[in-house]
Amino acid sequence: MEEKRINTKEDLRDWLDYELRRYPNYGRYRIYNVLLMSENAVLRRHQILLRKTEYHINSGHRFLSRIYRMRLELFQMKWRIHIPPNVFGRGLKVMHVGEMHINGRARAGENCTVHAHTSLAAAGFNDGVPSIGSGVVLFMGAIVAGDIHIADNVVIGANSVVTRSVEEENVTVSGNPAKVVSHKGRLEMERNRAGKDET
């Protein structure tokens, strides 16, 4: 998987312009963002801190990268969101504030959606970690562990435990151990949502 990272100020602006649209608190709700008066406001602030930290790390700004890393870690400890820098590609959407544990060596593509109580983890001490494709959805309580790969647009059901690679794209897996339960994945979810919005 080719890693796309935030290396320039232009990258940072592009990523944040794209991602913050997924946390809509505009107009009269802007005060919510300043005072962190809603879950969306917390998630927006986290996204900004995460991406600015990545920019300073990737650009070799030693002092600022340390400052931003410290700010990010303090914020994440407070809100129990553990997503290290440079794991998720552009378009990450965190659905809710709550416990989540993402291994810093894991890698994920673009437009992934992560719910609370999810984990991308090593299967054991110093073991390999997961890599997941673009458009993957991890529902609440999903655990993906070990040196495995998850293909694009795979939906991982709530409380599922995935310890084997899922190489088929656009499917839904569920259970413990997880297995394919539907050949309809994220793309069908988005089509169904768009259909409901039109009616």
Side-chain angles (χ1 to χ4, degrees), residues 1-6 14-25 39-40 42-44 46-47 50-51 54 81-103 105-121 128-199:
M1 181 193 315
E2 180 187 354
E3 287 187 29
K4 296 179 181 177
R5 294 188 172 184
I6 300 173
D14 174 61
W15 285 45
L16 286 178
D17 284 348
Y18 180 73
E19 292 179 339
L20 294 184
R21 288 190 218 123
R22 308 186 84 185
Y23 301 97
N25 277 342
E39 185 176 52
N40 242 17
V42 172
L43 294 171
R44 281 173 62 89
H46 175 263
Q47 202 86 357
L50 176 66
R51 297 316 192 186
E54 292 174 352
I81 303 170
H82 182 70
I83 300 178
N86 290 317
V87 172
F88 285 93
R90 180 176 179 267
L92 168 67
K93 174 70 183 284
V94 179
M95 293 301 294
H96 300 287
V97 172
E99 291 277 358
M100 60 190 68
H101 298 280
I102 309 298
N103 189 295
R105 293 182 291 120
R107 291 294 176 265
E110 299 183 345
N111 297 314
C112 290
T113 302
V114 182
H115 288 251
H117 305 290
T118 55
S119 178
L120 297 178
V129 294
S131 66
I132 67 177
S134 295
V136 173
V137 179
L138 287 85
F139 275 104
M140 187 171 287
I143 298 172
V144 182
D147 186 10
I148 62 175
H149 176 255
I150 307 299
D152 292 349
N153 297 309
V154 170
V155 174
I156 300 174
N159 298 316
S160 298
V161 178
V162 186
T163 56
R164 294 184 179 180
S165 293
V166 180
E167 299 295 353
E168 186 177 354
E169 296 185 4
N170 199 40
V171 297
T172 297
V173 299
S174 185
N176 181 9
K179 60 183 180 181
V180 175
V181 296
S182 171
H183 290 277
K184 296 179 179 179
R186 182 186 182 125
L187 299 180
E188 281 69 27
M189 283 176 52
E190 291 180 347
R191 286 191 199 105
N192 292 338
R193 190 179 301 122
K196 288 178 182 176
D197 290 343
E198 290 173 3
T199 57

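In this chain, residues are counted from 1 in sequence order.
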Is it the case that the side chain of Thr118 and the backbone of Gly141 share a donor-acceptor pair, with hydrogens and angles ignored and the cut-off at 3.5 Å? no
Treating Glu54 as the side-chain partner and Asn86 as the backbone partner, does any N or O pair qualify as donor plus acceptor under 3.5 Å? yes
State whether the side chain of Tyr23 and the backbone N or O of Val42 hold a donor-acceptor pair below 3.5 Å, judged by distance alone. no
Determine the sole option in His115, Arg22, Glu39, Met100 for which the side-chain contact (heavy atoms from CB on, under 4.5 Å) test with Met95 is passed. His115
Listed pairs under 3.5 Å, donor-acceptor, residues 161-169 side chains, sequence neighbours left out:
residue	atom	partner	partner atom	Å
Ser165	OG	His149	N	2.9
Glu167	OE1	His149	ND1	3.3
Glu168	OE2	His183	ND1	2.9

Treating Ser119 as the side-chain partner and His101 as the backbone partner, does any N or O pair qualify as donor plus acceptor under 3.5 Å? yes
Find the distance between OG (Ser131) and CD1 (Ile148) and round it off to the nearest 0.5 Å. 8.5 Å
Can you name the residues that form a salt bridge (charged side-chain N to carboxylate O under 4.0 Å, His left out) with Glu190, not counting sequence neighbours? Arg186
Just so I know, are the side chains of Val94 and Phe88 near enough to count as touching, which here means a heavy-atom distance under 4.5 Å? no
With a 4.0 Å cut-off on N to O distance, would you call Arg191 and Glu188 a salt bridge? yes
Check whether Gln47 reaches the backbone of Leu92 with its side chain - one donor and one acceptor, N or O, closer than 3.5 Å. yes
Is it the case that the side chain of Ser134 and the backbone of Glu110 share a donor-acceptor pair, with hydrogens and angles ignored and the cut-off at 3.5 Å? yes
